[in-house]
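The chain is numbered in sequence order, starting from 1.
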Amino acid sequence: MTRKMAKKETTKNKSFILRIDADTMEAIEAWAADEFRSTNGQLQWIIAEALRKAGRLPQKRKARMKPDKEEEKET
């Protein structure tokens, strides 16, 4: 029996080197362990959350095409 790993539906991933101080890295590693994520996964989540909260991520296609419930009531 072959085990298949689930793949995320993402665009191409890019690698880069990140320099980070030891105390911050230890905090990220502990947080990742608490969330049952890898350190890399935790960093990706932190960055994605910051981008989402800042409104810097592109909207998903469904969200753009689907009108807001408030807009539906006004029309």
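Scanning both residues, Ser38 and Ala32, for their nearest heavy atoms gives O-CB, 3.6 Å.
Here Arg19 pairs with nothing under the side chain to side chain contact (heavy atoms under 4.5 Å, CB included) rule; sequence neighbours left out. Qualifying side-chain hydrogen bond (donor to acceptor under 3.5 Å, both in side chains) partners for Arg56, counting only residues two or more places apart in sequence or in other chains: none.
Hydrophobic cluster membership of Leu57, counting Ile, Leu, Val, Met, Phe, Trp and Tyr whose side-chain heavy atoms lie under 4.5 Å apart directly or via other members: Ile47, Leu51.
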Per-pair distances, 0.1 Å, donor-acceptor, side chain in residues 22-29, under 3.5 Å, sequence neighbours excluded:
residue: Thr24; atom: OG1; partner: Asp21; partner atom: OD1; Å: 3.1
residue: Thr24; atom: OG1; partner: Asp21; partner atom: OD2; Å: 2.8

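Contacts classified as ring pair (Phe, Tyr, Trp, His ring centres under 6.0 Å) and involving residues 13-39 (residues at least two apart or in different chains) are given here: Trp31-Trp45.
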